[in-house]
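For the numbers below, each heavy atom of this structure counts, side chains included, while hydrogens, waters and symmetry mates do not. Everything numeric in this text was worked out from a predicted model, so none of it was measured.
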Amino acid sequence: MSENKSIQNRDMPPPAANEQDDEASEDAAAAAVDVPPIQEIQHQDEKIKEEHKEEDEELIESLYGSQASLEQGPIPVHASVLRRPSAWGGPQRLDHLQDLMVQKRASMVYVQAAMERDDSREIPLQLTPSMKHVLTSARLNVLKQNAKELKKPAKLMKQIRNYFPETDHGVSIRISNLTYTAKNDPSQHEIQTVYNQSVLYDAWTFLKRLVGKAEKPKQETQNVLNDISLNFVPGKMYLILGPPASGKTSLLKAVAGRLSTAHGETIQGEVKYNGLCLEGEKNLHVQNFISYVGQLDFHAPRLTVKETFDFAFQCKSGGTHIPKELIVSEDARKFVQKLDEEDALPKHIMEHLGLEHVANTFVGNGEIRGVSGGQRRRVTIGEMMVSPTPIFCGDEISNGLDAESTYNIVSSLMYFAHVMNRTRVISLLQPSPEAVSLFDEIILLAEGQIIYAGPVDHVEDYFADLGYRAPETMDIADFCQEISTPHGACLFDPSESERDTPYTTAELADVFRSSKQFQRIKDEQKQPCEHTWTLTPTGEEDMDLTPVKLQREYANSGLRATRLNLMRNMVIWSRDKRFLIANAVKNVIMGISVGGVFYQTSSFASIYGVLFQLNLFIMLGAMTSIPEQVNDRIIFYRHTDANFYGAFSYTIGKAFSLLPQSLCDVLIFGTICYFMVGLTTSASNFFIYIALLFVFSVVMNQQLAIFTAIAENKSGVQAYSAVILLFFVVFCGFLVSPDVIPNYYMWLYWWNPLAW
């Protein structure tokens, strides 16, 4: 079954050229539009607006009601704008970006109207001649299917807004003169070798510095982001583009409030959310208002897609769609109770991403069979969307997806961004022109600086004024990313520019700061936000207290978060059948081996040796099993960054989830050895023996688990564990008698759990 089956009817990219010709022949009456010369753009645009003004007013009224008009109202775009292909289309627009932009706007008008209708009647298709050019019959069939699929979640969000209007407030983000500086350590070698990564190399380098034959390299600073000023307003989609190392990820983290200063990085400037700067406010947690999706897909491979979504929903929302503090009426309480019983939001997100047919399939990874790579990428996106947030940041969400899947996901995000008044900030890797056209604005980065930020349909004209033109074979995304690279010189035409040489990156950034687009950003920052947050009540109507979700770090109490982690880890443990069977077989074989060597012994020294063998076996078992927890570390980091739970809840839940395996090991291995060796056949002695082995097993597992938090990889965990086990064995009092251990080493004996 194709992974795209459930979304194959969504807003698909335009057909190929030959298919467009066939479609044009079928809808000739609707699509035939004369294309005037490019010099007559302004004149033609104004003329068309006047000719069809009454027609457009009737169309908008039929779609949105009598209160809407071309000058004001809830519509996302004027109907007259839909005629821009007549002005912009032509041989100078071979990449058809403008046609795609108009196609998107026309689709938004139709789909939004369809989603906002409560009945099932047909949407009135009183199309003007210019709209018929874009919304052909074939495309209308696709849009009808889009509206049908999106109507149910749109209705759900509309009901939530009606009961809880305070949850509908969007969040405006304003970044002013942001500079993010990081330290560049020259001692980090570009090519890592066994020698320069060893302790011996570090010791030799230290000695050379000590005797003055080598100087400590000076750390250099680098501006990852340099003087960034941007506005992100609700209801819009923003695309971040740029060549590698241009600062795309850092900009997304700045928007999401996740820029790190743990390694000497510095942040200048400010980021405001609804007019409030949250830097230094320890009691406010912007992570609860922003969903951030990174570039990598790491999940618990033995959890199903549904279980992954359910766990994320329970952690981020506290198990309910609306916090109890916001429920003020009995009707609202019943409405929320119904949503919780149906798992409405996780279910809609799975359908929205086309994952409902693999809901009960393991997520999987490179070693465990599960969903496909593209589906796993959608799981990563959906995991952060199950808790509705006003801002979504996606870092190269197209990784692992084909162009069609990327287009489908981005188009769905676009519809909800416009209809639900949400903000979407996304970076894509080599997006298609169809995907680019779905965004409202584009932000182009180069070497940490902005060289363009503005509407997508203006970017070509902006760079054309500077002398840059895209070849016929290059699409808009590649064109934008190539401009600031050395290859960008090939795109520069001196005859179209005021200068003879191509611009450098610094010059492109300076030109943008003096442009109208940058001035628009500065002017918008001077205006008040639609909703302004405040920390204390002011009595002013335009001031809102910070939401409860922003003030509370975690949605769950510590006890509930611990229980969620415990149940999750127990499910993962119980599904690892190969590990459980192999461990049981290993315990039986080792128990029989040790019991056979010391079978029915009566020697005190032999019994002492048996106990040493038992505990040594437990230590070696812990040393081989603990490194696997390194794989969970990156999942833990991603969850804690999103405020799923605290470190204490995770640690306690993980520790308790290891108890069943420790108990199984001790019961199998310890019981076989106990009776084969011939120890006292007393129930009390047997249970004390099992209890001591069990406690020692738990202690060893937790002691060695410390290294999973500090070691770089699995090999490091094993190395640290081997050193600790060496000290335990030597200073346990079995190999070396406590009487001969020097006094300055006796603390190792008393600290040693094996000695006890």
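Taking each heavy atom of Pro390 and Arg424 in turn, the nearest pair found is O-NH1, 4.4 Å. Residue Val255 comes nearest to Cys393 through the heavy atom pair CG1-SG, 3.7 Å, listed as atom of the first residue, atom of the second, then distance. The shortest heavy-atom contact between Val386 and Pro346 is CG1-CA, 4.4 Å. The shortest heavy-atom contact between Val425 and Leu252 is O-CD2, 3.5 Å. Residues Cys529 and Gly275 share a closest heavy-atom pair of SG-N, 3.7 Å. Listed here is the closest heavy atom pair of Leu225 and Gly247: CD2-O, 3.6 Å.
Within the 4.5 Å cutoff, no side-chain heavy atoms of Ile228 are placed close to those of Thr179. Contact check for Glu265 versus Tyr180: side-chain heavy atoms found under the 4.5 Å cut-off. Side chains of Ser250 and Val224 form a contact here, defined as non-hydrogen atoms less than 4.5 Å apart. Side-chain atoms of Val171 and Thr423, non-hydrogen and from C-beta on, never get closer than 4.5 Å to each other. Side chains of Val293 and Ile426 form no contact here, defined as non-hydrogen atoms less than 4.5 Å apart. Residues Val286 and Arg258 are not in side-chain contact: their nearest non-hydrogen atoms beyond the backbone lie 4.5 Å or more apart. Using a 4.5 Å heavy-atom cutoff, the side chains of His299 and Val379 are in contact. Within the 4.5 Å cutoff, side-chain heavy atoms of Val459 are placed close to those of Ile476.
Not a single donor-acceptor pair under 3.5 Å links the side chain of Tyr452 to the backbone N or O of Leu445. Between the side chain of Asn643 and the backbone N or O of Gln287, no donor-acceptor pair lies under 3.5 Å. No donor-acceptor pair under 3.5 Å is formed between the side chain of Ser317 and the backbone N or O of Gln314. Judged purely by atom type and a 3.5 angstrom limit, Lys714 has no side-chain atom pairing as donor or acceptor with the backbone of Val630. When atom types are taken as modelled, the side chain of Ser291 and the backbone of Met384 share a donor-acceptor pair closer than 3.5 angstrom. For Glu507 (side chain) and Thr504 (main-chain N/O), a donor-acceptor pair under 3.5 Å exists by modelled atom type. Between the side chain of Asn231 and the backbone N or O of Ile521, at least one donor-acceptor pair lies under 3.5 Å. A distance-only check finds a donor-acceptor pair linking the side chain of Ser246 to the backbone of Pro243 [under 3.5 Å]. Without hydrogens or angle criteria, Ser497 side chain to Pro494 main chain gives no donor-acceptor distance under 3.5 Å. Panel note: side chain Asn288, backbone Arg552; a donor-acceptor pair is recorded below 3.5 Å.
Checking Thr181 against Thr221 by side-chain atom types alone, no donor-acceptor pair falls below 3.5 Å. Between the side chains of Ser405 and Asn408, no donor-acceptor pair is found at a separation under 3.5 Å. Inspection of the Gln375 and Ser372 side chains reveals an N or O donor paired with an N or O acceptor under 3.5 Å. Of the N and O atoms on the side chains of Asp523 and Gln519, at least one donor lies less than 3.5 Å from an acceptor on the other residue. A donor-acceptor pair shorter than 3.5 Å can be found between the side chains of Gln295 and Thr249. In the model, Thr380 has no side-chain atom that pairs as donor or acceptor with a side-chain atom of Glu383 under 3.5 Å. With 3.5 Å as the limit, one finds a donor-acceptor pair spanning the side chains of Gln517 and Arg520. A donor and an acceptor atom, one from each side chain of Glu441 and His458, are nowhere located under 3.5 Å apart. For the 3.5 Å distance criterion, the side chains of Thr501 and Arg499 qualify, holding a donor opposite an acceptor. Between the side chains of Asn177 and Gln268, no donor N or O sits under 3.5 Å from an acceptor N or O.
Take Leu429 and apply the side chain to side chain contact (heavy atoms under 4.5 Å, CB included) test, not counting sequence neighbours, and it matches Glu396, Ser398, Asn399. Listed by chain and residue number, Lys104, Lys236, Met237, His418 satisfy the side chain to side chain contact (heavy atoms under 4.5 Å, CB included) test with Asp440 (two or more places apart in sequence, or in another chain). Residues satisfying the side-chain hydrogen bond (donor to acceptor under 3.5 Å, both in side chains) test with Asp493, not counting sequence neighbours, are Ser495. Applying the side chain to side chain contact (heavy atoms under 4.5 Å, CB included) test to Thr261 and every residue at least two apart in sequence or in another chain returns Ile267. Applying the side chain to side chain contact (heavy atoms under 4.5 Å, CB included) criterion to Val271, with sequence neighbours excluded, gives Ile173, Ile175, Leu178, Tyr273. Legend: residues meeting side-chain hydrogen bond (donor to acceptor under 3.5 Å, both in side chains) with Glu307, ordered by chain and number and at least two apart, are Thr304, Arg575.
Atom CG of Asn631 sits about 8.0 Å away from atom CG of Asn365, to the nearest 0.5 Å. In this structure, SG in Cys480 is found 8.5 Å from CG in Leu239, a value given to the nearest 0.5 Å. Note: Lys272 NZ to Ser176 OG = 6.5 Å, rounded to the nearest 0.5 Å. With values rounded to the nearest 0.5 angstrom, Met350 atom CE is found 6.5 Å from Phe309 atom CZ. A distance of 8.5 Å separates CZ in Arg378 from CD1 in Ile381, rounded to the nearest 0.5 Å. Taken from CG in Asp461 to CG in Leu466, the straight-line distance is 11.0 Å, to the nearest 0.5 Å.
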Walk me through whether Val358 and Val371 qualify under side-chain contact (heavy atoms from CB on, under 4.5 Å).
CA-CA 7 Å; Val358 292; Val371 298; 4.1 Å; yes
Mind running side-chain contact (heavy atoms from CB on, under 4.5 Å) on Val233 and Tyr238 for me, showing each step along the way?
CA-CA 10 Å; Val233 299; Tyr238 297 87; 3.2 Å; yes
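Taking the six-membered ring for Trp and thresholds of 30 and 60 degrees, Tyr503 and Tyr468 have ring planes inclined between 30 and 60 degrees apart. The aromatic rings of Phe479 and Phe463 sit perpendicular to each other, their planes meeting at more than 60°, with 30° as the lower class boundary. By the 30° and 60° cut-offs, the orientation of the rings of Phe512 relative to Tyr462 is perpendicular.
A salt bridge does not link Lys522 with Glu524: none of the charged nitrogens is closer than 4.0 Å to a carboxylate oxygen. Electrostatic pairing of Arg376 and Asp297 does not count as a salt bridge here, judged by no charged N lying under 4.0 Å from a carboxylate O. Taking 4.0 Å as the cut-off between side-chain N and carboxylate O, Arg513 and Asp227 count as a salt-bridged pair.
Checked against the 6.0 Å centroid criterion, the rings of Tyr645 and Tyr554 do not qualify as a close aromatic pair.
At least one test fails for Arg633 against the ring of Tyr637: distance under 6.0 Å to the centre or angle within 45° of the axis.
Heavy atoms of other residues, nucleotides or ligands lying less than 6.0 angstrom from NZ of Lys253 number 12 at most.
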